[in-house]
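First the structure, in the form of structure tokens, and then the observations on it.
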Amino acid sequence: MTPITLFATAAKPPLNLNFSDSLLMSLLGMGIVFLALIAIMTLIKIQAVVVKKLKPTQETASATVAIEALRKDTRVPAPGSLGELNLHSVPDKTAALLMAVVADELKTPLNELRFISIKEV
């Protein structure tokens with residue numbers, strides 16, 4: 001058999017559906033798709049809950065340390081920071097911009113740099 005004859009024998013005549021039947025088939029198809037998406041979403045949420053219960057992450061631990069520090073009203077530097085920064089008559093926005101430019105020029109991540117003081121001259 002040639003591919004042309006296989007295609008000709010496999011072809012079926014189109015279904016003759018009226019409007020209500022085609023609408024019902026469309027709604028049934030969309031309903032099945034939405035049910036599958038809801039099932040996948042539910043499985044993902046269940047997995048997230050199970051993973052959180054089994055192994056607390058480092059972010060959770062650092063978040064609890066930060067919350068406890070706030071409750072004690074003590075100053076704790078942010079994770080990854082290298083100390084305090086003294087700004088001498090420089091707005092925060094300008095200091096942040098300056099630090100970003102320096103990090104970009106040095107091709108170094110910002111959390112690996114230590115800025116001690118910024119002063120406008």
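Not measured: the values here are computed from a predicted model.
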From CG (Asp92) to CG (Leu97), nearest 0.5 Å: 12.5 Å
Could you state the interatomic distance from CG (Leu37) to CD1 (Ile32), rounded to the nearest 0.5 Å? 12.0 Å
Considering only heavy atoms from C-beta outward, does the side chain of Leu23 approach that of Ser20 to under 4.5 Å? no
Minimum heavy-atom separation for Ile118 to Ala95, with atom names? CD1-CB, 3.9 Å
How far apart are the C-alpha atoms of Ser117 and His88, what are their side-chain angles, what is the distance that settles it, and do they pass the side chain to side chain contact (heavy atoms under 4.5 Å, CB included) test? CA-CA 8 Å; Ser117 152; His88 303 282; 3.3 Å; yes
For Ser26, the side-chain hydrogen bond (donor to acceptor under 3.5 Å, both in side chains) test, sequence neighbours excluded, returns none
Can you tell me how far the CG atom of Leu87 sits from the CD atom of Glu120, to the nearest 0.5 Å? 11.5 Å
Is there a path of hydrophobic side-chain contacts, each under 4.5 Å between heavy atoms, that joins Met41 and Met30? no
Starting at CE of Met99, measure out to OG1 of Thr94 and round the result to the nearest 0.5 Å. 10.5 Å
Test item: Val102 and Phe115 side chains (from C-beta on) under 4.5 Å apart, heavy atoms: yes
